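Working notes, beginning with the structure itself.
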4 protein chains.
Amino acid sequence: MKETMEQWFAELEKSEAEAVKMTEKQSKILQAAIEVFAEKGFAAASTNEIAQRAGVAEGTIFRHYKTKKDLLLSIVAPVMTKLIAPFVLRDFNKVLDVDYDRYELFLRAVIANRIEFLRNHMNVFKILIQEIPFHPELQEQFRKNILSKVLERMNLIVDKFKSRGQLMEIPNLTVIRLTMSAIIGYVITRAYNENREDAGWDDEFEREETISFIIRGLSIK
Amino acid sequence: MKETMEQWFAELEKSEAEAVKMTEKQSKILQAAIEVFAEKGFAAASTNEIAQRAGVAEGTIFRHYKTKKDLLLSIVAPVMTKLIAPFVLRDFNKVLDVDYDRYELFLRAVIANRIEFLRNHMNVFKILIQEIPFHPELQEQFRKNILSKVLERMNLIVDKFKSRGQLMEIPNLTVIRLTMSAIIGYVITRAYNENREDAGWDDEFEREETISFIIRGLSIK
Amino acid sequence: MKETMEQWFAELEKSEAEAVKMTEKQSKILQAAIEVFAEKGFAAASTNEIAQRAGVAEGTIFRHYKTKKDLLLSIVAPVMTKLIAPFVLRDFNKVLDVDYDRYELFLRAVIANRIEFLRNHMNVFKILIQEIPFHPELQEQFRKNILSKVLERMNLIVDKFKSRGQLMEIPNLTVIRLTMSAIIGYVITRAYNENREDAGWDDEFEREETISFIIRGLSIK
Amino acid sequence: MKETMEQWFAELEKSEAEAVKMTEKQSKILQAAIEVFAEKGFAAASTNEIAQRAGVAEGTIFRHYKTKKDLLLSIVAPVMTKLIAPFVLRDFNKVLDVDYDRYELFLRAVIANRIEFLRNHMNVFKILIQEIPFHPELQEQFRKNILSKVLERMNLIVDKFKSRGQLMEIPNLTVIRLTMSAIIGYVITRAYNENREDAGWDDEFEREETISFIIRGLSIK
DNA sequence: GATGAATGAGCTTTCATTCAT
DNA sequence: GATGAATGAAAGCTCATTCAT
């Protein structure tokens, strides 16, 4: 069994993408809505502007999506699922098989994969982050489908590296929180510096420093 | 000179709070606006609802604040300034005098202070975070008045601890980013668990673990 | 070539009227707006009342005209153009061919034609006169498209009758002013008396007296 | 009895002006209101702007004038009266005594006098003309107090010059209309050219041409 | 399926007017 | 007498949504 984790990710991504069937107009509407929602926020976005950018009549939007909110959910929900793709591989054993020897390698793989993901879905991710506080359904979905599953899987992974003597004996939730804080902080700073030419951001370097920082902070000396 | 950093913070906070002069109605409007903005977001909040909650006529709002956006800025701007109070103490020498021997102590003081601050201004802070992406003026203000000043001061502080041999020789910006990621991750998780009784969140413990994590990640072995 | 000037006017009027394409609702809105603007003045007219009289929803007005002012301009602009129809016949030679032997005949033709015009567009004309002082765009339009063209054409006409020895040698502008003052004074008084049954206004008589007055005032003895 | 008509006019003007008693604030309000009404029209003028220009509180306006409309009437009514000052000299006989030998002289005196008047009250006059169509009270006032009195007096004057063989035998109303049309046309064109440096308006010349035009148009050959 | 005119509720904002100080 | 904060009705305008074509 020579499959790598990356291949698993790719397969998952693909199979989800293929599941979608929509007309050209519908896809244009989605694309336009993503743009406008990301630019102005859901509440300040007008269906009129979305229709114009999509090059369709305003009525056409409501043929495909009952309400404006429906349109939001249609955008955000599938990305929420994809967001945790790496953590919900179906075959449990395989995950462990296709595993990494060290926490460091695992982190590096996850970061690379999720950055690739965000590059493709940055706008939807922005919308998700922006709107979660105002839509209980999104919160519910997030908690049930995302957070719990990620935590569940990460629990196993942390347990494994603990048992191999690579991670300190502090509560799993704390390990996960500290790991994720560092990674998310890296990703956000990275995104913030992406469009600024004068930033002097050395991505390769910062990523490695972040990983090293996590390892130093969590390893048994 | 036995003053502590905390005393400085307190004094600053107080003097700013006292500077405000407004009628009772005006303050009720502000309070109501903060509530509604935090609950629904700026764009989805209606001046009508704000007026009702404040117990004033809708026209009264516009006597005090030319536009709805004006109202937003009046709420957010002063808090932005207070947000960095600990980093803009006027007398430079005193800051160093009232200083801490170890990075760890410095972190513990900053966290305690800012958590206290957030307890008092959580709603406004939420609004600030939510609205910054959609209002270039806020972004500008944030970059110029907040980010640059915090970085400037943190630079000095990191330099000091580096020179004392307590911090590794990695770029200051990286040190700052990693430190802040961990702290902000702690603060957010804390806030997330605050209203949930079943959370089993041991704040004292998590805070200390976070500080230890940072120290381990950044110290020279 | 037996065409008369009147026929030219009629043709021009017709062709302009035909150029307009609009839905039934749109035309009802225009009609209602003309009524209300004429009755109350632009500033005192409410889009709400216009909508009610037109039998449409208020929003419908703003689907067709971006702003209330837009609605005003849409009403006034085309009438401004028609106002000077007799003075902007395209084919210059024909104008002179279809010409009149005496200034008196010319005046009688113009008055008859413009009175007919005003009978059809009195309300819009009122609005135009009322609103010109408050809208620089209207002033500009009036100066450029109306006044200058009328003066230009009248100049030629006055020159012609001067060269035929029918008009005194006073400046053309003065001739035009005196002629128009008398005619406009007649038209206004006529309009003022139109709705009053007790007025004892003998229109035929007054018109002829006005023309005679002008001729006596401007002819070489 | 060597008094001239001009002296009568002056006396009348003065005595009316003196009759007014008002505080400094009140007069500032009036002055500001005149400005704003003339600039924007009554309906589009806001009491707020008037108060600001007058340098008083908005409430102060309503202490002196029950409503905004009251303010309008307080401005327009007295000027309406003054407008016809030359035609309502109290002592009937004196009017005829202080009389002119020729219609021409009478016209020249009236024009000079009313132009002086308009120079001082142009803004109020503008307001009057603008608002008359929308306020039945003003129309009523105008008809009863102004139009009828002017016509009554002009009737006598025209009769006199007819009896002296200076004016043609056409109806008095027609004579008056033609006379006034020419004069008003002159006054308006004059006002229109007043602020335009490039106009090349020779006021003396145009005035005399206007008078000559009237005389030629109305005299027995 | 797609359109876009029409809707009417609701939005932010303005305004003349009131009234306690 | 003067103030200016407060009012609430009404203004112009926007918007998500509907529906006949």
Side-chain angles (χ1 to χ4, degrees), chain A residues 23-26 28-29 42-52 54-71, chain B residues 22-26 28-29 43-52 54-71, chain C residues 22-26 28-29 43-52 54-71, chain D residues 23-26 28-29 42-52 54-71:
Chain A
T23 73
E24 192 203 358
K25 298 239 169 191
Q26 198 167 350
K28 272 188 179 172
I29 289 171
F42 173 73
S46 82
T47 51
N48 171 39
E49 183 171 358
I50 294 171
Q52 269 179 254
V56 301
E58 215 168 341
T60 308
I61 294 178
F62 291 91
R63 180 153 295 279
H64 292 288
Y65 307 93
K66 257 177 84 77
T67 66
K68 188 183 166 197
K69 184 153 190 177
D70 222 56
L71 179 55
Chain B
M22 51 176 84
T23 73
E24 190 205 357
K25 297 239 170 189
Q26 197 167 350
K28 272 188 179 171
I29 289 171
S46 84
T47 51
N48 172 35
E49 181 170 0
I50 294 172
Q52 267 179 255
V56 301
E58 213 166 344
T60 308
I61 293 177
F62 292 91
R63 173 156 294 276
H64 292 290
Y65 307 92
K66 264 176 85 76
T67 64
K68 189 184 165 195
K69 184 155 190 176
D70 221 57
L71 179 55
Chain C
M22 51 177 85
T23 73
E24 190 205 358
K25 297 239 170 193
Q26 198 167 349
K28 272 189 180 173
I29 289 171
S46 85
T47 52
N48 173 36
E49 182 172 358
I50 294 172
Q52 268 179 253
V56 301
E58 210 167 344
T60 307
I61 293 178
F62 291 94
R63 173 158 294 276
H64 292 290
Y65 307 92
K66 262 177 85 77
T67 64
K68 188 185 163 195
K69 183 154 190 176
D70 223 58
L71 179 55
Chain D
T23 72
E24 192 202 357
K25 297 237 169 193
Q26 200 168 348
K28 273 189 178 171
I29 289 171
F42 173 72
S46 82
T47 51
N48 172 38
E49 183 171 358
I50 294 171
Q52 267 179 257
V56 301
E58 215 168 342
T60 308
I61 293 178
F62 291 90
R63 180 152 295 279
H64 292 288
Y65 308 92
K66 260 177 83 77
T67 67
K68 190 186 166 194
K69 184 153 190 180
D70 223 55
L71 179 55

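Here is how names work: the chains are called A, B, and so on, in the same order as the sequence lines, proteins then strands, and each is numbered from 1. Since we're looking at a predicted model, the values are computed, not measured.
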For the [atom1] atom of [X] and the [atom2] atom of [Y], what is their distance to the nearest 0.5 Å?
| X | Y | atom1 | atom2 | result |
| --- | --- | --- | --- | --- |
| A:N48 | A:I61 | CG | CD1 | 8.5 Å |
| D:H64 | D:L71 | NE2 | CG | 11.0 Å |
| D:R63 | D:T23 | CZ | OG1 | 12.0 Å |

Nucleotide paired to E:dC19 in any strand shown, Watson-Crick or G-U, under 3.5 Å: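 Partner of E:dC19: F:dG4.
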Strand partner of E:dG10, provided both Watson-Crick or wobble distances fall under 3.5 Å: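 In the structure as shown, E:dG10 has F:dC13 as its Watson-Crick or wobble partner.
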Is [X] close enough to [N] that one of its side-chain N or O atoms is under 4.0 Å from OP1 or OP2 there?
| X | N | answer |
| --- | --- | --- |
| D:T60 | F:dT3 | yes |
| B:K69 | E:dT12 | no |
| A:H64 | E:dG1 | no |

Separation of atom [atom1] in [X] from atom [atom2] in [N], rounded to whole Å:
| X | N | atom1 | atom2 | value |
| --- | --- | --- | --- | --- |
| D:L71 | E:dC15 | CG | P | 16 Å |
| A:Q26 | E:dA2 | CD | P | 8 Å |
| B:I50 | E:dG10 | CD1 | C1' | 15 Å |
| C:N48 | E:dA9 | CG | C1' | 13 Å |
| B:K25 | E:dC19 | NZ | C1' | 13 Å |
| D:Q52 | E:dT14 | CD | C1' | 14 Å |
| A:I61 | F:dC15 | CD1 | P | 13 Å |
| A:R63 | E:dG4 | CZ | P | 14 Å |

Sugar-phosphate only, base, or nothing, as touched by A:A43 at under 4.0 Å among non-hydrogen atoms: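 Touches nothing.
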Touch class at under 4.0 angstrom, heavy-atom based, for C:A44 against every strand present: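 If one applies the 4.0 Å heavy-atom cut-off, C:A44 turns out to touch nothing in the nucleic acid.
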C:T47: which of C:Q52, C:E58, C:K68 passes side-chain hydrogen bond (donor to acceptor under 3.5 Å, both in side chains):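 Single side-chain hydrogen bond (donor to acceptor under 3.5 Å, both in side chains) partner of C:T47 among C:Q52, C:E58, C:K68: C:E58.
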Closest-nucleotide 5' rank along DNA chain F - winner of B:G59 and A:S46: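 Its nucleotide being nearer the 5' end, the pick is B:G59.
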Of C:E58 and D:A57, the one whose closest DNA chain F nucleotide lies more 5':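 The answer here is D:A57.
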Whichever of B:K68 and C:E24 has its nearest DNA chain E nucleotide further upstream toward 5':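 Whichever sits nearer the 5' end wins; that is C:E24.
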